[in-house]
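Down below is the structure, laid out as structure tokens.
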Number of protein chains: 2
Amino acid sequence: MAENVAPVRARNAAATRQAILDAAKSRFAKEGYDGASLREIAADARVDAALVSRYFGSKEELFVEVLNCGPDATELFQGELSQFGERVADKLMDDPDRQDGLDHLLIMLRSASSPAAAEPLRRSMRTWFHDPFAAYLGGPEADVRARLAGDLIMGVAISRAITDDHDLDVEGQAALRRRLAKVIQAAIEP
Amino acid sequence: MAENVAPVRARNAAATRQAILDAAKSRFAKEGYDGASLREIAADARVDAALVSRYFGSKEELFVEVLNCGPDATELFQGELSQFGERVADKLMDDPDRQDGLDHLLIMLRSASSPAAAEPLRRSMRTWFHDPFAAYLGGPEADVRARLAGDLIMGVAISRAITDDHDLDVEGQAALRRRLAKVIQAAIEP
DNA sequence: TGTAAAAGTCATCAACCGTTGACTTGGGCG
DNA sequence: CGCCCAAGTCAACGGTTGATGACTTTTACA
């Protein structure tokens with residue numbers, strides 16, 4: 001018993017930093033800014049808690065870094081505009097674990113109540129979601145249409161995250177998917 | 001200097017209890033279940049913090065009590081069905097302080113990330129919002145239509161609560177209100 | 001190989017949280 | 001008036017959080 005435990009990862013600042021960022025992103029998405037503790041994040045990343053503060057300075061700076069590091073939603077803003085509703089509806093009604101593109105949305109809703117997180121959230125939302133969305137839509141009142149459709153998407157994502165869809169049967173979900181696609185399309189139409 | 005401070009309120013269990021409930025409702029709506037502390041709530045109600053635990057047993061029980069005490073949203077579910085979109089859009093775009101009917105929605109979104117609050121939230125949402133809404137709508141797939149429209153309303157309420165509307169000018173807000181009314185109506189149409 | 005800096009760990013701090021038990025104060029009833 | 005129970009207060013608890021400084025281990029270079 002010379003070496004007591006596995007080293008988990010070779011000493012590599014960049015890799016460790018990334019591991020912390022990944023763990024933080026996941027935790028923030030699941031529990032929000034306040035709910036996620038640095039100790040949990042550090043445990044997920046197999047790292048001492050003190051190292052997180054050391055690498056990122058403070059929890060808020062880590063949060064900003066997480067928000068700025070991954071766009072993730074831009075993949076939605078490619079392809080036929082007329083099929084946008086269908087695409088997003090499919091994505092939203094997928095099983096929650098596959099919603100990579102919606103991590104930031106989840107972070108947003110779960111951290112909405114934290115004053116410390118509010119300002120970074122606003123900025124990130126605008127940069128990574130709203131502005132690209134409005135540019136993708138184009139046409140008159142693009143910002144209003146993007147805002148409305150974005151709010152709808154966020155509302156549905158929240159609802160799914162909260163209710164776990166225990167209250168809708170299979171055909172109910174199918175009906176919701178159809179209707180959702182239609183309404184999203186109506187929201188972005190000029 | 002015999003009496004050192006104002007008694008604030010005559011000794012009255014019912015009134016004190018109600019004052020705590022009001023303060024809790026407001027705090028939960030502003031900061032969510034985790035963010036609102038019993039000490040803050042007690043201070044708002046001009047009451048010692050210990051009294052809150054004494055009256056309601058625990059923070060979670062107080063939360064449940066707040067959720068169960070006021071429906072508040074039923075007023076939306078009265079009047080012409082064809083005007084529903086207009087009515088809700090007006091309500092949503094009002095200044096945030098006047099959104100009495102949406103307090104529970106705010107509480108819901110701000111507390112979405114707290115495991116302790118999740119189950120009471122689901123129950124309350126269903127009882128006080130979704131079910132009456134579906135009953136009000138009627139017709140085929142009433143639950144799906146209620147769910148979708150509810151998600152849209154929640155998303156818009158969240159968005160407004162977060163962004164403070166610093167990013168939309170006056171005519172932008174007017175355009176958003178028009179479009180919102182239209183999309184809500186589309187969401188509830190059979 | 002020797003060494004200095006980077007990478008990671010440990011112990012600890014002050015602040016805040018929800019909750020509890022012992023205490024003091026007040027008002028209504030005999 | 002005097003009592004007594006309800007209403008309200010105070011101080012303290014164990015636990016958790018974010019953050020910091022001193023410490024040890026590893027890596028890489030001369």
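Proteins get letters first, then strands, A, B, ... in listed order; numbering begins at 1 in each.
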For the side chain of Ser159(B) and the backbone of Gly155(B), is there at least one donor-acceptor N/O pair under 3.5 Å apart?
no
Donor-acceptor contact present, side-chain Glu65(B) to main-chain Glu60(B), <3.5 Å |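 No.
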Would you mind classifying the nucleic acid contact of [X] as base, sugar-phosphate or nothing, using non-hydrogen atoms under 4.0 angstrom?
X: Leu51(A); value: base
X: Ala50(A); value: base
X: Ala36(A); value: sugar-phosphate
X: Ser53(B); value: base

So which of residues 55-64 of chain A are in contact with DNA chain D, with a heavy-atom cut-off of under 4.0 Å?
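Within this stretch, Ser58(A), Lys59(A) sit under 4.0 Å of the strand.
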Please tabulate, for the side chains in residues 48-55 of chain B, all donor-acceptor contacts under 3.5 angstrom to protein atoms that are two or more places apart in sequence or on a different chain.
{"residue": "Asp48(B)", "atom": "OD1", "partner": "Ala50(B)", "partner atom": "N", "Å": "2.8"}

Salt bridge check: are [X] and [Y] linked by an N-O gap of less than 4.0 Å?
X: Glu75(A); Y: Lys91(A); answer: yes
X: Asp143(B); Y: Arg147(B); answer: no
X: Glu80(A); Y: Arg87(A); answer: no

Would you tabulate the pairs of protein nitrogen or oxygen atoms and nucleotide nitrogen or oxygen atoms of nucleotides 22-26 of chain C closer than 3.5 angstrom?
{"residue": "dA22(C)", "atom": "N6", "partner": "Arg54(B)", "partner atom": "NH2", "Å": "3.0"}
{"residue": "dT25(C)", "atom": "O2", "partner": "Arg11(B)", "partner atom": "NH1", "Å": "2.9"}
{"residue": "dT25(C)", "atom": "O2", "partner": "Arg11(B)", "partner atom": "NH2", "Å": "3.1"}

*asked:* In this structure, is the centre-to-centre distance between the rings of Phe63(B) and Phe56(B) below 6.0 Å?
replied: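 Not close enough - the centres of the two rings lie 6.0 Å or further apart.
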Atom CG of Asp48(A) and atom C1' of dA11(C) are separated, to the nearest Å, by 10 Å
Those residues at least two apart in sequence (or on a different chain) that pass side chain to side chain contact (heavy atoms under 4.5 Å, CB included) with Ser114(A) are Tyr33(A), Asp34(A), Ala117(A)
5'-most to 3'-most nt of DNA chain D touching chain B (<4.0 Å, heavy-atom partner on protein side) reads dA6(D) to dA12(D)
Hits for salt bridge (charged side-chain N to carboxylate O under 4.0 Å, His left out) against Arg145(B), two or more places apart or cross-chain, chain-then-number order -> none
Item to check | Under 3.5 Å side-chain donor-acceptor pair for Gln18(B) and Asp22(B) | outcome: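 Judged by distance alone, the side chains do pair up.
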Closest non-hydrogen atom pair, Gly150(B) against Phe133(B) =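 Heavy-atom minimum between the residues: N-CE2, 3.9 Å.
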